[in-house]
Number of protein chains: 2
Amino acid sequence: MAQEKNTEEQIIEAARKIFVKRGLDGARMQDIADEAGINKAMLHYYYRSKDKLFEIVFAEAFSKVVTPLGHILEGSKPIEEKIKELIDHYITGISQVPYLPIFIFSEVNQRPEIMIKRLNSQPSFGSVMNFMKEVIEAGKNGKIKEVSPIQLFLNIVALCIFPFVARPLIQGIFQQDNIQFDMMIEERKKMVADVILAWLKP
Amino acid sequence: MAQEKNTEEQIIEAARKIFVKRGLDGARMQDIADEAGINKAMLHYYYRSKDKLFEIVFAEAFSKVVTPLGHILEGSKPIEEKIKELIDHYITGISQVPYLPIFIFSEVNQRPEIMIKRLNSQPSFGSVMNFMKEVIEAGKNGKIKEVSPIQLFLNIVALCIFPFVARPLIQGIFQQDNIQFDMMIEERKKMVADVILAWLKP
DNA sequence: CCTTTGATTAACCAAATGGTTAAATCGGAT
DNA sequence: ATCCGATTTAACCATTTGGTTAATCAAAGG
């Protein structure tokens, strides 16, 4: 199945695939071993326990989904530009790993504790706070409507991520195949910015 | 724990609590029995198997979250009114069962098949299709901007539901306690309508 | 060629888990 | 009081599952 790479990485790849698909509780160590094409004992030889292995996979996934939000462009571009770029980049980024958001939300929901330390060790949120100050200031200056920066942030993330979280339902309700779904996502890169900016018009 | 009601309902309540919290894979029949204050064999006596029990709990949850979307107000009110009411009613409704959305999405994601027959036997989506025609017509008449009705629908649902799906993360990032979170949700009833209607302004 | 050392495997183990069963208990009808 | 069906329980069972162990393999170094 997997080719002749070093075993550690083979295992992580297999674990990622199985954990993301089935969740911590649903994943079987045997399935991970099969996916990696190795003996089950190797998993413990390299990573001690199921929990340790999951921890690594989850940390990586969390980082991929949450960290980009902490990287809101600094610089001095006008706030509308920043929002446009954030939305475009974020949707593009999530499109590369479309199954991670629901995986994250689901696991965090069942075990909120696994996220707490990770948030503390996530220094990149300084720039989010910075972005929020900008929002407030731009509101006072009349450049945009005065809105709660948290609600603005939430709205952006909701519009970007939700389609991936609800993907099977959406495709079921609207009878979309994967190509149609991807086209719809592509359309959203511009549309979500339209929605947000129309709302922010002073 | 649970009082002297009839056993069937006691079991369903307990099963609901455990399944929604831990998911199908994470839930233990023994935990459900303990929660209901009865012997584990009773679960099988009344509901045969874990899967059968889960099926009932899931169907009910699915109905609570998805069906209201099919009940988009008919009548002849202007489309803006309908949108406002849908948003207000839907956020209010989900607030009563805030843990159901992530439960639904998570389980549907792991087992898409459990949703398919349920969608077919969900006739109430006729009114959604009707609503979509209205959107198109209102667009052509210049009453609102011309937008994809699917994207409109998605945006509304995303803005209403996402906060509940991402709740632990949101509270972690923004250091919100439950009261602040609830206040934020309350604020959104009006705000989400503002966002959507600003976007739809012709 | 032999030894050493890390990598790999088959076999095994104990605990957990969904499910079953046979006996006991309860409650109403006769 | 007794019978009878429905309900409830304790004990049990087979399978699954995460994890361990002792033996084997293979490559490097001497």
Side-chain angles (χ1 to χ4, degrees), chain A residues 1-61 103 106-111 113-114, chain B residues 1-61 103 106-111 113-114:
Chain A
M1 192 138 297
Q3 308 312 339
E4 34 167 306
K5 304 175 76 172
N6 68 340
T7 311
E8 272 117 317
E9 186 51 30
Q10 254 174 270
I11 292 177
I12 293 295
E13 274 176 34
R16 182 165 40 227
K17 184 163 168 183
I18 301 295
F19 275 133
V20 168
K21 195 184 313 186
R22 313 235 194 246
L24 172 55
D25 292 323
R28 299 287 150 244
M29 292 296 267
Q30 188 60 59
D31 292 341
I32 296 176
D34 292 348
E35 177 71 31
I38 55 166
N39 188 285
K40 178 165 69 90
M42 296 298 283
L43 304 180
H44 296 94
Y45 180 77
Y46 281 105
Y47 298 100
R48 297 263 317 242
S49 70
K50 188 185 185 186
D51 282 343
K52 289 271 199 305
L53 191 49
F54 177 80
E55 160 70 17
I56 293 171
V57 169
F58 179 82
E60 186 194 276
F103 170 65
S106 173
E107 297 296 331
V108 165
N109 215 57
Q110 272 172 57
R111 303 169 191 79
E113 66 281 3
I114 65 175
Chain B
M1 190 133 295
Q3 308 311 339
E4 35 168 306
K5 302 175 75 172
N6 68 342
T7 311
E8 272 116 316
E9 187 52 31
Q10 257 174 267
I11 292 177
I12 293 294
E13 275 176 33
R16 182 164 42 224
K17 184 164 169 183
I18 301 294
F19 276 133
V20 168
K21 194 184 314 186
R22 314 230 194 250
L24 172 55
D25 292 323
R28 299 286 150 247
M29 293 298 268
Q30 187 61 60
D31 292 341
I32 296 175
D34 292 348
E35 178 70 31
I38 56 165
N39 187 285
K40 180 165 68 90
M42 294 298 282
L43 304 180
H44 295 95
Y45 179 77
Y46 281 104
Y47 298 100
R48 296 262 317 244
S49 70
K50 188 185 185 185
D51 282 342
K52 288 272 199 306
L53 191 49
F54 177 81
E55 160 70 18
I56 292 170
V57 169
F58 180 83
E60 185 194 276
F103 170 66
S106 174
E107 297 297 332
V108 165
N109 214 57
Q110 271 170 58
R111 305 170 189 78
E113 66 280 4
I114 65 176

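This is a predicted model, so every value here is computed, not measured. Labels below follow one simple rule: chain letters A, B, ... track the order of the sequence lines, proteins then strands, and each chain is numbered from 1. No hydrogens, no waters, no symmetry mates; every other heavy atom, side chains included, goes into these values.
Rounded to an integer number of Å, the gap from Ile38(B) CD1 to dT7(D) C1' is 11 Å. Across the protein-nucleic acid pair, Asp34(A) atom CG and dT16(D) atom C1' stand 14 Å apart, rounded to whole Å.
For DNA chain C, the span of nucleotides reached by chain B at under 4.0 Å from its heavy atoms goes, 5' to 3', from dT17(C) to dT21(C).
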Report, one line per pair, each donor and acceptor closer than 3.5 Å where one atom sits in a side chain of residues 37-47 of chain B; sequence neighbours left out.
unit_1	atom_1	unit_2	atom_2	d
Asn39(B)	OD1	Ala41(B)	N	2.8
Tyr47(B)	OH	Glu8(B)	O	3.2

Show the atom names and distances, to 0.1 Å, of all donor-acceptor pairs under 3.5 Å that link a side chain in residues 24-31 of chain A to residues at least two apart or in another chain.
unit_1	atom_1	unit_2	atom_2	d
Asp25(A)	OD1	Arg111(A)	NH2	3.2
Asp25(A)	OD2	Arg111(A)	NH2	3.0
Arg28(A)	NH2	Asp25(A)	O	3.1
Gln30(A)	NE2	Asp34(A)	OD1	3.0

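Within residues 39-51 of chain B, the residues that have a heavy atom under 4.0 Å from DNA chain D are, in order of number, Asn39(B), Ala41(B), Met42(B), Tyr45(B), Tyr46(B). Against DNA chain C, the stretch residues 19-33 of chain A makes no heavy-atom approach under 4.0 Å.
Evaluation of the salt bridge (Lys or Arg N to Asp or Glu O under 4.0 Å) rule for Arg16(A) yields Glu9(A), Glu60(A) as partners, not counting sequence neighbours. Under the rule for a side-chain contact (heavy atoms from CB on, under 4.5 Å), the partners of Lys52(A) that lie at least two apart in sequence or sit in another chain are Arg48(A), Ser49(A). Listed by chain and number, the residues in a side-chain contact (heavy atoms from CB on, under 4.5 Å) with Ala15(A) are Phe19(A), Ile32(A), Leu53(A), Val57(A) (sequence neighbours excluded).
Rounded to 10°, the angle separating the first-five-pair axis and the last-five-pair axis of the helix from dC1(C)-dG30(D) to dT30(C)-dA1(D) equals 10°.
Contact detail for Phe54(A) and Ile114(A): the closest heavy-atom pair is CE2-CD1, 4.5 Å. Across every non-hydrogen atom of Val108(B) and Phe58(B), the tightest pair is CG2-CZ, 3.7 Å.
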